[in-house]
Each structure stands twice: as C-alpha cells, then as structure tokens.
Number of protein chains: 2
Amino acid sequence: MDHWFITMDGSLKARWQKAFPDAKPSTPELVEKRAKSGDLVWIVTSVASWPQLTQRLVPMGLTVVLLSYAPQDKEALKALDLGARGYAHTLAAANVLRQVALVVTNQGVWVGQELLAKVIGGTFKALSQRTEVSPSADSDHLALLTERERGVALAVSRGATNKEVARQLDITERTVKAHLSAIFKKLSVRDRLQLMLKLSPIREQASH
Amino acid sequence: MDHWFITMDGSLKARWQKAFPDAKPSTPELVEKRAKSGDLVWIVTSVASWPQLTQRLVPMGLTVVLLSYAPQDKEALKALDLGARGYAHTLAAANVLRQVALVVTNQGVWVGQELLAKVIGGTFKALSQRTEVSPSADSDHLALLTERERGVALAVSRGATNKEVARQLDITERTVKAHLSAIFKKLSVRDRLQLMLKLSPIREQASH
DNA sequence: AAAAATATTGTACTGATGGACAGATTAGAT
DNA sequence: ATCTAATCTGTCCATCAGTACAATATTTTT
C-alpha cells in the first residue's frame with residue numbers, strides 16, 4: 001500500500017515525508033496512471049480540481065483523504081459526499097497523519113473533532129426535538145439572556161476584557177463575572193472564546 | 001497516559017486488561033480524584049450517572065469514551081454531544097479497543113461507521129442549502145504569518161486553548177505561546193480575542 | 001403575600017494567559 | 001562558511017478569567 005501526496009507542483013512537504021518515509025509526491029494528472037487499488041491518496045484542496053479528481057479516484061479503489069490549509073465545514077462535507085474518507089488540516093503533525101492513515105485504511109472515516117461535534121450537535125438537537133421536550137430554541141442565542149446579560153455578552157463578543165465591560169456598563173468587574181457565569185451556563189459554553197464563536201453569526205446579521 | 005475503566009463495582013474485565021496491561025479499574029467517585037489531564041477514561045453506560053460524569057471529566061482535560069452493551073444511535077449522539085470522544089461496544093475486541101484509544105488520543109473521534117454515514121449524510125444536505133462559503137477576507141492577514149504561525153492562529157481562532165493547540169500540533173504549550181506572541185506582534189493585536197475578531201470571516205467594519 | 005427572577009458586590013482560590021528574560025537547532029540564502 | 005529566519009523549548013512572574021462558596025436589594029410573577 002503506497003501513499004501519494006497530490007499538490008500542484010508535486011512538492012513533498014517534509015512533514016509528510018516524516019510521517020511516511022515511502023510517501024510519493026505526484027500531480028493530479030500522474031496519480032491516476034500510477035496509483036494502484038488500495039493505495040492512499042492525499043490531496044491538498046488548493047488543487048482546484050480536487051472534487052473531480054476525488055470522484056475519479058474513489059471508483060478506482062483508491063482511498064482519498066483531503067488536506068486543507070483552512071478547514072471549512074462545508075468543504076469537508078462535500079469531500080465526504082464525493083467519497084473521500086478523510087478531511088484533515090494540511091499542517092497536521094506527522095503522528096496525526098499516521099493515525100488518519102490507520103483509520104481510513106481500516107474502513108473508518110476521519111474528520112476533525114470540531115466538525116463532528118458541530119454536525120452531531122446539530123443533528124442531536126434535531127433528533128431530540130422529535131422525542132424529547134427540548135427547551136433550547138437554537139434560533140437566537142441572545143433571546144435566552146436577560147437584558148443585562150445581553151449587554152455583557154455583546155461587549156465580550158467584541159473582544160472586550162472584563163475590566164472594559166465593567167467600565168462600559170458602569171458596574172464592578174465582579175458583577176461582570178457574575179453575568180458571564182450565567183451566560184456561560186445558559187448557552188452551554190466554557191469560556192468567552194466559545195461565546196464569541198457562538199455569537200459571531202449574530203454580529204454578522206446585525207451589521208447588515 | 002493512563003487508562004481508567006469505570007464500572008459500578010470497579011471490576012476490570014479481562015479483555016480490557018489484555019488490551020491495556022496497565023489499565024486501572026475505578027468508580028465514578030474515585031476517577032475524578034485520581035485521573036490526570038490527558039488520561040483516557042472508559043465508562044460503561046450501565047453506570048447511570050455517565051452523562052454527568054462525562055460532563056465533569058471532559059473539562060478536566062480527560063478523554064472520555066463510552067462503552068455500551070447495546071449501542072444505540074441516540075445514546076451515541078448524546079455521548080458525543082456531552083464531549084465524549086468515542087462510543088463503542090462494551091464487548092469490543094482488545095485490538096479494536098487499542099485502535100479506539102489511538103484515534104481518540106489523537107484528536108479523533110470514534111463512532112460506528114453506520115452512525116457516521118447517517119449523521120454526515122443527513123447534515124450535508126442541510127448545510128449545502130445555506131449561503132456559499134464566503135471568500136476568506138482574512139487571507140491578507142494570514143499571509144503575514146509563517147506556516148506554523150498560521151496553524152496556531154487558525155486553531156486559536158476556532159476557540160482552542162493553548163493546551164489544545166499544543167496537543168493538536170504536537171508541540172509544547174510553551175511553543176504555542178511563542179508563536180502566539182509573534183502572531184500578536186505581526187498582526188498588532190493584544191490578545192487571542194482580538195485575533196479571533198481579526199480572522200473572523202466577516203467583520204462589522206467590513207460592512208460599512 | 002410569597003416565591004422567583006434579576007441585578008449587584010464581596011473574598012478567595014485555581015488555572016489560563018502573555019510577557020520577560022532566555023537558549024538550541026535546522027534549513028536556506030548570501 | 002556566515003548569516004538569517006523559522007521552529008521549538010525552558011523558567012519566572014504578573015495579570016486575567018472563571019468558579020465556589022457567598023450576601024443583599026429590587027422587580028416581577030404567581
């Protein structure tokens with residue numbers, strides 16, 4: 001079983017060589033002629049034709065894994081839909097790449113934990129609403145908060161520190177923390193970073 | 001990295017001992033005190049409090065895998081939603097358990113193939129109908145960074161802590177800090193929060 | 001009237017964060 | 001052969017963030 005790494009110029013990143021000493025660099029044109037059934041093909045998504053290439057390689061009995069510099073959920077889902085068996089970060093460490101190889105060559109599927117959590121989280125809520133009474137309306141997160149908590153949440157989502165929020169709202173830093181703790185609990189996030197991520201779509205809508 | 005197997009009576013199945021010679025049996029009460037960050041905790045779902053236990057263990061930096069005698073999709077989704085990294089059959093063979101351990105300790109997620117296909121297949125259609133992926137307006141910022149710094153910046157912009165980034169890129173937390181300091185200086189931001197704002201695809205200023 | 005939700009502030013603690021000093025190594029360019 | 005940029009790691013320390021206990025006052029709901 002051979003490893004093929006597909007980039008535009010056929011270059012072979014040192015990390016890949018480290019992960020798989022027998023790794024072979026190649027191009028979209030050449031890999032179709034040289035790869036044998038059962039081989040593992042890694043394609044960098046900066047290769048514009050990766051969707052078409054994936055669609056041709058999978059029926060040939062090749063296992064395809066996509067590598068992206070800026071992983072995006074939609075791209076990952078598209079890759080899996082086209083028959084790819086994995087989607088990982090181009091900069092993944094050597095031991096991670098070996099792990100991916102192990103999984104996908106054993107009939108497994110590899111996707112990042114974040115995507116899976118997102119995908120499954122969304123599906124879980126959808127499934128739950130059919131059988132259970134789920135009070136969480138996932139439409140607008142801010143609707144779950146009180147007026148004061150909303151103020152704090154919005155300030156934090158703009159990157160403000162606790163001290164800054166306190167100054168803006170003319171309350172003590174301790175009170176800001178109290179509101180934040182309530183916000184974290186209500187929205188089920190662990191810290192202000194996750195809060196920013198959860199509220200970022202709202203910021204986007206609010207400015208249009 | 002230690003393995004902990006949680007059952008009601010703290011018994012240790014022979015299969016588990018075979019898979020991991022250094023496996024330690026424990027109970028829901030004891031594991032919280034004895035397990036260290038990075039350890040892998042296997043919980044049998046016949047332990048009624050597994051959801052609460054999982055929620056407490058995950059934030060502690062522990063990797064949690066659920067084992068069920070009668071795997072069900074819904075239970076698996078709940079487990080993953082609570083932060084578990086794997087869901088397998090209690091009677092899985094030793095070599096399968098070792099495989100699961102390898103995957104989950106490398107930022108991967110282990111679920112049955114059927115469930116994964118079901119979940120991803122269903123979600124893909126839902127996500128596809130959304131708006132097109134916006135061309136990343138952050139490419140200019142990322143261009144200022146080195147390859148490694150880009151990896152760190154992207155992970156942080158997804159809300160990861162330094163410890164998580166370190167695990168993902170297989171470097172020490174100290175090195176993550178070094179890269180972050182360089183990133184902050186290059187992009188003229190004071191902390192990770194401002195970095196997130198700068199790298200978030202859509203900014204409020206951009207729409208004015 | 002009683003209960004619940006909201007808003008506010010306090011102390012003390014743990015863990016995360018970022019900077020201040022640093023040094024070591026490796027690959028590539030001049 | 002030097003030099004430079006990139007990568008990785010170390011200790012120490014001040015600050016920040018979040019929680020665990022709080023308590024008190026006001027408003028709203030039942």
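Within every chain, numbering begins at 1; the chains are lettered A, B, ... in the order of the sequence lines, protein sequences first and strands thereafter. In this text, all values refer to a predicted model and were calculated from it rather than measured experimentally.
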Within this structure, what is the [atom1]-to-[atom2] distance between [X] and [N], rounded to whole angstrom?
| X | N | atom1 | atom2 | answer |
| --- | --- | --- | --- | --- |
| A/E147 | D/dT26 | CD | P | 19 Å |
| B/R190 | D/dC16 | CZ | C1' | 12 Å |
| A/E173 | D/dC16 | CD | P | 7 Å |
| B/L145 | D/dA6 | CG | P | 10 Å |
| A/K177 | D/dA22 | NZ | C1' | 14 Å |
| A/H179 | D/dG18 | NE2 | C1' | 15 Å |
| B/R192 | D/dT15 | CZ | C1' | 15 Å |

Taking five pairs at each terminus, the helix from C/dA1-D/dT30 to C/dT30-D/dA1 shows an axis bend, to 10°, of 40°
Nearest-nucleotide check on DNA chain C, B/L193 vs A/E149; residue mapping nearer the 5' end is A/E149
Looking at [N], I'd like to know if its phosphate oxygens (OP1 or OP2) sit under 4.0 Å from a side-chain N or O belonging to [X].
| X | N | answer |
| --- | --- | --- |
| B/T146 | D/dA6 | no |
| A/N162 | D/dC16 | no |
| B/T175 | D/dT7 | no |

Result for side chain to side chain contact (heavy atoms under 4.5 Å, CB included) between A/V41 and one of A/V58, A/L66, A/L57 points to A/L57
For the [atom1] atom of [X] and the [atom2] atom of [Y], what is their distance to the nearest 0.5 Å?
| X | Y | atom1 | atom2 | answer |
| --- | --- | --- | --- | --- |
| A/R148 | A/T175 | CZ | OG1 | 9.0 Å |
| B/K18 | B/L97 | NZ | CG | 10.5 Å |
| B/N162 | B/L180 | CG | CG | 5.5 Å |
| A/F5 | A/L67 | CZ | CG | 6.5 Å |

Could you tell me the boundaries of the chain A footprint on DNA chain C, defined by atoms under 4.0 Å from its heavy atoms?
C/dT6 to C/dT11
How about CE on B/M8, more than 12 heavy atoms from neighbouring residues, nucleotides or ligands closer than 6.0 Å, or not?
no
Classify the nucleic acid contact of A/A178 as base, sugar-phosphate or nothing, counting any heavy atom under 4.0 Å across all strands shown.
base
Which part of the nucleic acid, if any, lies within reach of A/R148 when heavy atoms closer than 4.0 Å are counted: base, sugar-phosphate only, or nothing?
sugar-phosphate
Does anything in residues 163-175 of chain A pair up under salt bridge (Lys or Arg N to Asp or Glu O under 4.0 Å), and if so which pairs, sequence neighbours excluded?
A/E164-B/R190
Map A/R174 and B/K186 onto DNA chain D by nearest heavy atom, then report which one ends up closer to the 5' terminus.
B/K186
Does A/I6 reach the side chain of A/P28, with side-chain heavy atoms less than 4.5 Å apart?
yes
Between A/K186 and A/E149, the two heavy atoms sitting closest are NZ-OE1, 2.9 Å
